[in-house]
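Take a look at the structure below.
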Amino acid sequence: QVQLVESGGGLVQAGGSLRLSCAVSGRSFNSYTMGWFRQAPGKEREFVAAIRWSGRSTSYADSVKGRFTISRDNAKNTVSLQMNSLKPEDTAVYYCAAGPWATAKFEYDYWGQGTQVTVSS
């Protein structure tokens, strides 16, 4: 079993930055791809970014490329999402997830409870 707890969400003005963190407990953290997803009110949960267990491969949604950076620290069992140049359309609940190398939410096995990010214009 794997447990994930997100932190770092909050309210920020457009153009600002936030850093989300996800603390992972349980076994085999190093074997999982870690992903970030987000869900805005009335919308489907969508893929944001993913990083392989080795940290050598990453994937980003087109909407966040060049603004967001995913990273992981396998020694500390954490994964982070640095979000820069935030836009109002980035407002959503952000979820950390663990699973195989994939961008589809149904592929991921474990989920955190989510953290709210609100970007004001």
Side-chain angles (χ1 to χ4, degrees):
Q1 193 73 6
V2 177
Q3 294 82 40
L4 300 88
V5 179
E6 302 96 335
S7 61
L11 173 64
V12 65
Q13 288 188 332
S17 299
L18 279 175
R19 186 176 180 87
L20 305 183
S21 294
C22 177
V24 184
S25 59
R27 59 178 182 167
S28 304
F29 169 74
N30 292 355
S31 66
Y32 286 102
T33 284
M34 298 301 300
W36 285 97
F37 290 76
R38 66 187 182 186
Q39 188 167 14
K43 294 189 176 181
E44 293 285 325
R45 189 171 300 188
E46 64 177 5
F47 170 77
V48 174
I51 185 167
R52 282 192 189 270
W53 67 269
S54 66
R56 293 175 184 169
S57 296
T58 57
S59 178
Y60 295 93
D62 288 343
S63 59
V64 306
K65 278 181 183 176
R67 300 188 298 123
F68 291 11
T69 302
I70 189 171
S71 61
R72 67 189 292 165
D73 185 336
N74 287 344
K76 296 181 178 179
N77 283 15
T78 59
V79 60
S80 299
L81 185 69
Q82 177 66 42
M83 305 186 295
N84 298 329
S85 302
L86 283 161
K87 305 175 181 179
E89 51 264 44
D90 294 318
T91 295
V93 177
Y94 283 71
Y95 297 90
C96 175
W101 178 248
T103 59
K105 57 184 182 289
F106 67 86
E107 296 276 7
Y108 283 76
D109 303 306
Y110 303 100
W111 293 84
Q113 82 288 349
T115 185
Q116 177 71 46
V117 171
T118 303
V119 184
S120 63
S121 57

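Screening residues 89-102 for salt bridge (charged side-chain N to carboxylate O under 4.0 Å, His left out) gives Arg38-Asp90, Arg67-Asp90 as the qualifying pairs, with residues at least two apart or on separate chains.
No side-chain heavy atom of Ser71 sits under 4.5 Å from any side-chain heavy atom of Gln82. Using a 4.5 Å heavy-atom cutoff, the side chains of Leu11 and Gln116 are not in contact. Counting only heavy atoms from C-beta outward, the side chains of Asp109 and Pro100 approach each other to under 4.5 Å. Annotation: side chain of Val12 is not in contact with side chain of Met83 (no heavy-atom distance under 4.5 Å).
Hydrophobic clustering (ILVMFWY, side-chain heavy atoms < 4.5 Å, transitive): Tyr110 and Trp53 are in distinct clusters. Linking ILVMFWY side-chain heavy atoms closer than 4.5 Å, directly or via other members, places Val2 and Met34 in a single hydrophobic cluster.
Checked options Val119, Thr118, Thr115, Leu86; the residue passing with Leu18 is Leu86 (criterion: side-chain contact (heavy atoms from CB on, under 4.5 Å)).
The main-chain N or O of Gly66 is never found under 3.5 Å from a side-chain atom of Tyr60 such that the two would form a donor-acceptor pair. A donor-acceptor pair is defined here as one N or O able to donate and one able to accept, closer than 3.5 Å; such a pair exists between the side chain of Glu6 and the backbone of Gly114.
Of the inter-residue distances, the one linking Arg19 atom CZ with Asn84 atom CG reads 9.5 Å to the nearest 0.5 angstrom. The distance from atom OG of Ser17 to atom CZ of Phe68, rounded to the nearest 0.5 Å, is 9.5 Å.
The minimum heavy-atom distance between Ala14 and Ser121, with the atom names listed, is CB-CA, 4.4 Å. Smallest separation of non-hydrogen atoms from Leu20 and Trp36: CB-CH2, 3.7 Å. Across every non-hydrogen atom of Trp101 and Ile51, the tightest pair is CZ3-C, 3.9 Å. Of all heavy-atom pairs between Leu4 and Cys96, the closest is CD2-SG, 3.3 Å. When all heavy atoms of Thr33 and Arg52 are compared, the pair lying nearest together is OG1-CA, 3.8 Å.
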Practice prompt. Evaluate side-chain contact (heavy atoms from CB on, under 4.5 Å) for Ser21 paired with Thr78, printing each intermediate quantity in order.
Written response: CA-CA 7 Å; Ser21 294; Thr78 59; 5.9 Å; no

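For Lys65, the salt bridge (charged side-chain N to carboxylate O under 4.0 Å, His left out) criterion is met by Asp62, not counting sequence neighbours.
The hydrophobic cluster containing Phe47 also includes Phe37, Val93, Tyr95, Tyr108, Trp111, under a criterion of side-chain heavy atoms closer than 4.5 Å among ILVMFWY residues, counted directly or through chains of members.
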